[in-house]
Structures are given as structure tokens and as C-alpha cells.
Amino acid sequence: NNVKCLRMMSTAKIETKWLLIYDYVEDVLEKRKPHREGHLDLIKSLMEDGSVIMAGALANPPDKAYFVLDSKENAEKFAKVDPYVLNGVVTSTEIREWSSVKFE
């Protein structure tokens, strides 16, 4: 069992990703409606080019969203042009470096 664990550890690779964290207004589900299509279109286009790896909002309550991006620069660019940020649906943003583990 210990040999198996050591074998698995030797194939682990640390990859740096970037988390973009949004805090939402209290009535986000209502306030986002006129901006949702633009927000989702932006995510889709950046997923297609590989900049956004994963995205989603927390539920119960829907007070935050997390985005996993390939670089800090792309996280900053995303937050600057996202309709949710530009139209007050997002109350604050935070960008954090994230060390993810990948097994090969």
C-alpha cells in the first residue's frame, strides 16, 4: 500500500492556475438578468481559447463565483470587461494564485 502511494506521488505535477473570486450583490439572481448573456458569452469565448478553465457560482446562497484561469493577466483582463463587474452585479473581486495537482 505504501509503495502504491509513493508511486502515485512520483507522478504528481504541480501546476499554477489563477482563481478569480467574485462577491455578488445580495439580489444577484435578479440583478444579473440583463447582463447574463454577455457574461456567459465572455466565459464561453475564453474557455474556447483556453484562458478560462472552469467557472461557476456558489449556491445556497449564490453569493460568490469562482473562475479558474490560466494566468493572472487573463484573470485581470476578464474582470475588467465582464458585464457583471461593469454593471454592479459584483461587489468585489480577488485574484489568487492556486497550486493545483495533476497526475500523469
Side-chain angles (χ1 to χ4, degrees):
N1 197 16
N2 287 340
V3 173
K4 183 178 179 182
C5 288
L6 289 173
R7 208 175 307 131
M8 286 178 56
M9 288 175 56
S10 66
T11 61
K13 179 181 173 188
I14 303 297
E15 293 185 343
T16 299
K17 304 290 185 222
W18 292 87
L19 292 178
L20 171 60
I21 304 164
Y22 282 178
D23 287 313
Y24 285 140
V25 294
E26 281 194 33
D27 53 348
V28 64
L29 299 179
E30 190 61 36
K31 290 221 170 155
R32 75 180 182 184
K33 285 181 182 179
H35 315 292
R36 187 159 170 75
E37 186 175 342
H39 171 75
L40 294 175
D41 286 346
L42 177 62
I43 293 170
K44 182 179 180 206
S45 69
L46 294 176
M47 280 184 163
E48 288 171 351
D49 80 8
S51 300
V52 172
I53 298 160
M54 185 182 302
L58 298 182
N60 301 318
D63 59 344
K64 294 181 181 286
Y66 287 79
F67 306 84
V68 180
L69 292 102
D70 65 342
S71 71
K72 183 177 183 180
E73 295 76 22
N74 284 334
E76 291 167 344
K77 287 179 193 174
F78 182 94
K80 286 181 183 174
V81 300
D82 185 1
Y84 280 11
V85 175
L86 298 176
N87 292 286
V89 178
V90 174
T91 60
S92 69
T93 63
E94 181 180 7
I95 296 172
R96 300 281 310 265
E97 186 173 359
W98 182 41
S99 298
S100 63
V101 178
K102 181 178 180 181
F103 291 95
E104 297 177 342

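We're numbering straight along the sequence, starting at 1. Computed from a prediction, not measured in an experiment: that's the story for all the values here.
Closest heavy-atom contact between A12 and F103: CB-CE2, 3.5 Å. Across L46 and D49, no two heavy atoms sit closer than the pair O-OD1, 2.8 Å. Here the closest non-hydrogen pair linking A55 and I43 is CB-CG2, 4.1 Å. Taking each heavy atom of P83 and L42 in turn, the nearest pair found is CD-CD2, 4.3 Å. Looking at every heavy atom in both residues, V28 comes nearest to P62 through CG1-O, 3.2 Å. Annotation for E15 and K17: closest pair OE1-NZ, 3.3 Å, computed over non-hydrogen atoms.
The hydrophobic cluster containing W18 also contains V81, counting ILVMFWY residues as joined when their side-chain heavy atoms lie under 4.5 angstrom apart, directly or transitively. V25 is connected to V90 through a chain of hydrophobic side-chain contacts under 4.5 Å among Ile, Leu, Val, Met, Phe, Trp and Tyr, so both are in one cluster. One hydrophobic cluster holds both L69 and I95 under the rule that ILVMFWY side chains link at heavy-atom gaps under 4.5 Å. At a threshold of 4.5 Å between side-chain heavy atoms, the hydrophobic network of Ile, Leu, Val, Met, Phe, Trp and Tyr places V68 and L58 in one connected group. When the side chains of ILVMFWY residues are joined at heavy-atom separations under 4.5 Å, either directly or via intervening members, L40 and Y24 end up in a single hydrophobic cluster.
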Pair Y22, V85 - check side chain to side chain contact (heavy atoms under 4.5 Å, CB included), show working. CA-CA 9 Å; Y22 282 178; V85 175; 3.4 Å; yes
Can I14 and V101 be said to form a side chain to side chain contact (heavy atoms under 4.5 Å, CB included), step by step? CA-CA 5 Å; I14 303 297; V101 178; 3.7 Å; yes
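Taking K80 as the reference, nothing meets the salt bridge (Lys or Arg N to Asp or Glu O under 4.0 Å) condition, with sequence neighbours excluded. Every residue was checked against the side chain to side chain donor-acceptor pair (under 3.5 Å) condition with D63, not counting sequence neighbours, and none meets it. Considering only residues two or more places apart in sequence or on other chains, E48 meets the salt bridge (Lys or Arg N to Asp or Glu O under 4.0 Å) condition with K44.
Listed for the T91 side chain is a donor-acceptor partner under 3.5 Å among the backbone atoms of D23.
The number of heavy-atom neighbours closer than 6.0 Å to CE of M47, taken from other residues, nucleotides and ligands shown, is above 12.
Among residue pairs with one or both ends in residues 94-103, none qualify as side chain to side chain donor-acceptor pair (under 3.5 Å); sequence neighbours excluded. A ring-ring contact (aromatic ring centres under 6.0 Å, His included) check over residues 42-65, counting only residues at least two apart or in different chains, returns nothing. Residue pairs that meet the ring-ring contact (aromatic ring centres under 6.0 Å, His included) test with at least one member in residues 68-90, sequence neighbours left out, are H39-Y84, F67-F78.
Here the NZ-NZ distance, from K33 to K31, works out to 13.0 Å after rounding to the nearest 0.5 Å. Atom CG of residue D82 and atom NE2 of residue H35 lie 10.5 Å apart, to the nearest 0.5 angstrom.
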